[in-house]
Amino acid sequence: MSQAYTAAKRVRFPQTSVVREEPRRINGRLEATLRIPDVDPTAIVVIAHALPTHGGTMRTPIMAAIARACAERGWYALRFNFRGVGESAGEWTGGRHETDDVAAAVDYARTIAPGLPLGLVGYSFGAFQVLAYLARGDRVDAVALVGVGTKDLSFAPRALPTIPDGTFIVAAENDQFGTAEELGAAVPHARIATVRGVDHFFVGKRDEVGALVADELARVLPVPSHLP
């Protein structure tokens, strides 16, 4: 089921070109920011960031691009910092307890938008935490992953966690932590959108990543009736 996509040029929706962003605090513990479209939101999306020991935070350009693309589709976009990152309390545990932070963010999102469908997006380390969250039996309405590496930080092959059939993954053609082709061979049951000509950090193609993620989520999450 592995499939290559050509990332489309970013399309802005004039109806939702104005958004605002508010600082939030999750359980008094995690720093977060909520992007709010200028229409009545029809869903909420939680976005989990990359490895903080290598610069990952909720404020990196790729996180902003994904949040922007989601808000343009008429959804709330909630980004958060894992424990010990930025202004989030606690200590970084290398992935042992960060899954609880994903759960806290999802629970908080449901209080912001009670009754609305919920999407979950993870980039790099955040993608692995999303998979760990789902492996616990927790459920959301839509999932999209970005930058799932088949190699660890030393570039050695890594064992991938369970990736449910049909999971949508945006992959970089030249990802140094596992190319799109290598990821497709490792998880042929996933749906892989390949972004050409970039490595793991998607420099120059981050808006295209956001568009791919938002388009995927829009297969499940409702968009305001006046949007495409």
Side-chain angles (χ1 to χ4, degrees), residues 19-37 41-73 75-149 153 161 170 200-202 206 209-210 213-214 217 221:
V19 297
R20 68 182 189 274
E21 195 141 14
E22 296 179 354
R24 296 294 179 106
R25 198 83 185 162
I26 297 172
N27 295 346
R29 183 172 66 84
L30 299 178
E31 180 186 20
T33 182
L34 181 69
R35 202 168 179 91
I36 305 170
T42 53
I44 187 165
V45 179
V46 176
I47 310 166
H49 67 74
L51 195 66
T53 54
H54 288 68
T57 78
M58 69 177 186
R59 299 192 185 281
T60 55
I62 193 166
M63 294 289 288
I66 294 169
R68 182 168 56 245
C70 289
E72 286 178 353
R73 297 307 286 259
W75 307 324
Y76 290 114
L78 178 69
R79 290 176 279 165
F80 69 97
N81 274 333
F82 285 108
R83 62 186 64 201
V85 180
E87 298 300 318
S88 288
E91 295 184 359
W92 168 248
T93 70
R96 293 189 302 278
H97 301 297
E98 279 71 17
T99 310
D100 293 335
D101 298 341
V102 176
V106 169
D107 289 346
Y108 180 75
R110 289 186 167 126
T111 70
I112 294 171
L116 291 186
L118 190 146
L120 185 55
V121 179
Y123 165 52
S124 193
F125 172 79
F128 285 96
Q129 292 305 305
V130 167
L131 289 170
Y133 172 79
L134 297 175
R136 302 196 316 191
D138 293 300
R139 291 292 175 263
V140 295
D141 297 291
V143 173
L145 307 179
V146 180
V148 176
L153 292 175
V170 179
H200 187 74
F201 302 101
F202 296 94
R206 289 159 177 152
V209 172
V213 167
L217 297 178
L221 303 182

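Quick note: numbers below take in every heavy atom, side chains included, and nothing from hydrogens, waters or symmetry partners.
When every heavy atom of Ser88 is checked against every heavy atom of Leu30, the shortest pair comes out as OG-CA, 3.4 Å. Closest approach of Ala50 to Ser124, counting heavy atoms only: CB-CB, 3.8 Å. Closest approach of Cys70 to Leu217, counting heavy atoms only: SG-CD1, 4.1 Å. Across Phe128 and Gly149, no two heavy atoms sit closer than the pair CZ-O, 3.4 Å. Shortest non-hydrogen contact noted between Pro37 and Arg35 is CD-O, 4.0 Å. Minimum interatomic distance between Arg139 and Leu134 (heavy atoms only, all atoms of both residues): NH1-O, 3.2 Å.
For the pair Val140 and Arg110, the minimum side-chain heavy-atom distance is below 4.5 Å. Two residues are said to be in side-chain contact when any heavy atoms from C-beta on lie closer than 4.5 Å; Val102 and Leu120 meet this criterion. Residues Val45 and Leu118 have side chains not in contact (no heavy-atom distance under 4.5 Å, counting atoms from C-beta outward).
Partner of Tyr123 under the side chain to side chain contact (heavy atoms under 4.5 Å, CB included) criterion, out of Val130, Ile62, Val209: Ile62 alone.
Within 6.0 Å of CD in Glu22 there are more than 12 heavy atoms belonging to other residues, nucleotides or ligands.
Atom CG of Leu221 sits about 5.0 Å away from atom CH2 of Trp75, to the nearest 0.5 Å. Here the straight-line distance linking atom OG1 of Thr33 with atom CG of Leu78 works out to 8.0 Å at 0.5 Å rounding.
Comment: Arg29 does not engage Asp100 in a salt bridge, judged by the lack of any side-chain N to carboxylate O separation of less than 4.0 angstrom.
Using modelled atom types, one side-chain atom of Thr57 and one backbone atom of Arg59 make a donor-acceptor pair closer than 3.5 Å. Asn81 contributes no side-chain N or O that, together with a main-chain N or O of Glu31, makes up a donor-acceptor pair within less than 3.5 Å. In this structure, Glu98 contributes its side chain and Thr93 its backbone to a donor-acceptor pair below 3.5 Å. Checking side-chain atoms of Arg79 against main-chain N and O of Met58 turns up a donor-acceptor pair under 3.5 Å. Using a distance-only test at 3.5 Å, with no hydrogens or angles considered, no donor-acceptor pair links the side chain of Arg206 to the main chain of Gly210.
For the residue pair His49 / Thr60, no side-chain donor-acceptor distance below 3.5 Å is found, with atom types taken as modelled.
A ring-centre distance under 6.0 Å is not found for Phe82 and His97.
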